[in-house]
Amino acid sequence: MRLDVVTIFPEYLEPLNVSLVGKARARGQLDVHVHDLRSWTYDRHNTVDDTPYGGGPGMVMKTGPWGDALDTVLADGYEAGSRAPALIVPTPSGRPFTQELAVHLSERPWLVFTPARYEGIDRRVIDEYATRMDVYEVSIGDYVLAGGEAAVLVVTEAVARLLPGVLGNAESHQDDSFAPGAMAHLLEGPVYTKPPHWRGREIPDVLVSGHHGKIARWRRDEALKRTTAHRPDLIEGADPEGFDKKDREMLSILGWEPDPAGEPYGRFWRKAPDVEE
Ligand code: ADE
């Protein structure tokens, strides 16, 4: 897979040399090109932004440098034999970046990222390239970063670990918390490793019982507890068909009940906890 990143802070992308992404690069599984947007400015101050039409706070990134940068990057990539680029525009007003989108992007041969600073990029740039390639405007969460570079690192890492041969264990990402097609989307529970005693803390007995069925059940119960605590929306949104008898027992202990009027039938819901408690 080829990745191009155009940014005014190329050094911000240094982490792409480290760890999993760095190794994938070294092995030739990822071909990463980071470009300085200011290489496509022609004035003394290397200007990339200007005041917004219509007024308002902040600055907007100009069409000129982005247009010239993207034309060059796309021409270089095509020249090198890459095909079907997708433009990834990190923005807090984008669609949520999810595991499903990560899987989808991991199947594309070439991603071009345009992390912006200031109030974003002049809309015409995105509209222009949308006529020639698929554009994904993505947000990595409901908070505002100072720029899109950190979002590029997030998306790159989530995508790179899905590429064939990048993760050591081929099965590793099949049971990711948000893997598409997982029964119900549940958060993973706690994990433990040696030593068995640490500062007076033990590990759950079931994990050394050698009883695979009981271990799987325990893990599932822990996942239900954790999801109830941190992401009750995932239980509310889950297809109730995905919960077996034992799941239902645990859900009941956790205060959930099937809603006979739910859509689909029997979706789980929970009374809001009493304020006194
Ligand atoms: N740029 C600023 N905030 C962002 C966010 N939440 N996601 C993606 N890009 C951003």
Side-chain angles (χ1 to χ4, degrees), residues 1-16 18-21 30 32-38 40-41 47-67 69-70 73-74 85-108 110-130 133-162 176-178 180 185 187 230-231 233-234:
M1 170 182 277
R2 176 173 170 130
L3 300 182
D4 284 277
V5 186
V6 182
T7 169
I8 58 168
F9 291 122
E11 25 351 322
Y12 208 121
L13 283 303
E14 277 297 309
L16 295 178
V18 183
S19 185
L20 175 126
V21 175
L30 265 184
V32 181
H33 303 257
V34 178
H35 315 269
D36 187 347
L37 180 66
R38 292 197 203 273
W40 290 277
T41 56
T47 311
V48 292
D49 61 338
D50 206 337
T51 54
Y53 275 120
M59 300 291 271
V60 174
M61 296 189 96
K62 292 161 70 66
T63 51
W66 279 110
L70 290 172
V73 165
L74 291 169
L87 195 66
I88 316 294
V89 183
T91 163
S93 44
R95 63 155 110 168
F97 182 62
T98 59
Q99 187 66 21
E100 194 174 357
L101 186 52
V103 169
H104 176 73
L105 295 179
S106 75
E107 287 159 2
R108 303 212 49 138
W110 183 12
L111 305 178
V112 181
F113 292 89
T114 60
R117 292 268 144 181
Y118 318 110
E119 297 299 310
I121 304 173
D122 187 307
R123 185 70 215 175
R124 291 170 292 177
V125 174
I126 291 125
D127 293 344
E128 166 72 10
Y129 289 91
M133 56 203 285
D134 293 333
V135 174
Y136 301 83
E137 292 180 80
V138 296
S139 167
I140 61 161
D142 291 340
Y143 39 78
V144 180
L145 303 167
E149 284 76 8
V152 173
L153 295 175
V154 167
V155 172
T156 304
E157 184 154 326
V159 168
R161 65 187 284 282
L162 297 172
D176 289 346
S177 285
F178 294 99
H185 289 194
L187 304 184
H230 291 172
R231 292 293 305 278
D233 59 300
L234 294 178

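This is a predicted model, so every value here is computed, not measured. Note that ligands are numbered from 1 as they come in the structure, with each ligand's atoms numbered from 1 the same way.
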Among all protein heavy atoms, pick out the one at the shortest distance from atom 1 (N) of ligand 1; state its residue, atom name and that distance to 0.1 Å. Pro92 CD, 3.5 Å
Heavy-atom nearest neighbour in the protein, as seen from atom 9 (N) of ligand 1, with distance rounded to 0.1 Å: Thr91 N, 3.2 Å
Please check whether Ala151 reaches ligand 1 - meaning an N/O of the residue sits under 3.5 Å from an N/O of the ligand, judged on distance alone. no
Any salt bridge (Lys or Arg N to Asp or Glu O under 4.0 Å) pairs touching residues 138-157, not counting sequence neighbours? Arg117-Glu149
Run the salt-bridge test on Glu137 and Arg123 with the 4.0 Å N-O cut-off and return the result as yes or no. yes
Answer whether the closest heavy-atom distance between the side chains of Thr156 and Val5 falls below 4.5 Å. no
Closest protein heavy atom to atom 7 (N) of ligand 1, given as residue, atom name and distance to 0.1 Å: Ile140 N, 3.0 Å
Got an N/O contact under 3.5 Å between Val144 and ligand 1? no
Within less than 4.0 angstrom of ligand 1, does Val138 place any heavy atom? yes
Under a 3.5 Å distance rule, please check whether Tyr129 uses its side chain to pair with a backbone N or O of Gly67 as donor and acceptor. yes
Nearest non-hydrogen protein atom, atom 3 (N) of ligand 1: Leu145 N, 3.0 Å
Rounded distance [0.5 Å steps], CG in Asp49 versus OG1 in Thr41: 11.0 Å
Is the shortest side-chain N to carboxylate O distance from Arg38 to Asp36 below 4.0 Å? no
How close does the nearest protein non-hydrogen atom get to atom 6 (N) of ligand 1, and which residue and atom is it? Tyr143 O, 2.9 Å
